[in-house]
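Okay, so here's the structure we're looking at.
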Amino acid sequence: MMPSTFQQSNSLHAAIIMDGNGRWATRRGLPRIEGHKEGSKAVRRTVEAAPGLGITTLTVYAFSSDNWKRPRDEVQQLMALLYDYLRHEKDRCVAQGIRLSVIGRRDRLSPLMRAAIRAAETATAGGATLHFRIAIDYSARDTILRAASRWDGQTAMTRDAFLETLADLHHPGVPLPEVDLLIRTGGEKRLSDFLLWESAYAELYFTDRMWPDFGADDLRAAVEEFHRRTRRFGAVPVAATGS
Ligand code: IPE
Ligand code: IPE
Ligand code: MG
């Protein structure tokens, strides 16, 4: 039976830094790309499990702006995998009511990739079960800089106005979803320029599990841990105020 904690809130934004593909492959004597291929199966499993765990927005880090520094072959193979993923998952997303969108820069992606993104976003625009966001050529610092550079310098920059600008860079008219639960697989404990603004009060969850091995049970364990935590947002917990 599903623990009752999953019904506690009606929105949960989980974000995942999907790390460890390369090490997963290397440990098996395989080329790194095999780890990325297995990793895309883990993405599928995660997307399928998310709605049942109360997750309403899921953002996954697929390719960082710093990942362009990788060998040309690996970059090309990663882009080809992402392209295949977008083309193949589109129909499955439509069938499951999943809205798929991509965050990050588009100007350095190939025209084919840009077209595949547009097609997937358009076909799935009506999905209401889960908003599944894939970060490609994404850098949180670049996003914040781009939002800041839109400021006219005349009016006072309020937090709300900045937030709106930041949100507009991703999905015009849609409020910026704060991250509730940030998961990183692969054993490293860092953010690597992912959703820095949105994760200001995110609960952090690190696991040694390599991304290709990640599955529904791991996601469930992370969500259960999230529900065991007490979020305070800087305030004193209600039980401790004595009122
Ligand atoms: C994450 O796995 C996938 C991407 C960054 C594209 P890595 O490729 O970083 O795997 P490790 O960290 O080298 O094991
Ligand atoms: C972060 O992983 C980016 C993605 C998972 C897409 P990296 O493997 O690129 O991060 P670092 O280099 O270990 O910080
Ligand atoms: Mg890595």
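Counting starts at 1 for both ligands and their atoms, following the listed order.
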Atoms in ligand 2 with a heavy atom of Arg190 nearer than 4.0 Å: 11 (P), 13 (O), 14 (O)

Residues in side chain to side chain donor-acceptor pair (under 3.5 Å) contact with Arg150, at least two apart in sequence or another chain: none

Shortest non-hydrogen contact from Val75 toward Asn67: CG2-O, 3.6 Å

Asp152: partners by side chain to side chain donor-acceptor pair (under 3.5 Å), with sequence neighbours left out: Thr155

Phe63: numbered ligand 2 atoms lying under 4.0 Å from its heavy atoms: 6 (C)

Lys69 and ligand 2 - part of the residue with a heavy-atom distance under 4.0 Å: neither

Closest non-hydrogen atom pair, Pro212 against Glu38: CB-CB, 3.6 Å

His36 near ligand 1 by a heavy-atom separation under 4.0 Å: yes

Backbone N/O of Leu204 and side chain of Arg229: donor-acceptor pair under 3.5 Å: yes

Ligand 1 contact by Gly20, heavy-atom criterion under 4.0 angstrom: yes

Closest contact, heavy atoms only, Leu112 versus Tyr83: O-CE1, 3.5 Å

Heavy-atom nearest neighbour of atom 8 (O) of ligand 2 within options Asp193, Asp19, Leu191: Asp19

Side chain, backbone, both or neither: the part of Asn67 lying under 4.0 Å from ligand 2 by heavy atom: side chain

From Arg23, Gln77, Met18 - option closest to atom 11 (P) of ligand 1 by heavy atom: Arg23

Arg141, CZ: over 12 other non-hydrogen atoms inside 6.0 angstrom: no

Part of Phe194 within contact of ligand 2 (heavy atoms, under 4.0 Å): neither

Identity and separation of the nearest protein heavy atom to atom 6 (C) of ligand 1: Ala62 O, 3.3 Å

Atom 2 (O) of ligand 1 - nearest protein heavy atom and its distance: Asn21 N, 3.3 Å

Minimum-distance protein heavy atom relative to atom 10 (O) of ligand 1: Gly22 N, 2.9 Å

For the Mg ion (ligand 3), the closest N/O/S atom belonging to Asp19: OD1

Option whose closest heavy atom lies nearest to atom 9 (O) of ligand 1, chosen from Glu74, Arg32, Arg70: Arg70

Minimum-distance pair of heavy atoms, taken over all atoms of Ile134 and Leu100: CD1-CD2, 4.2 Å

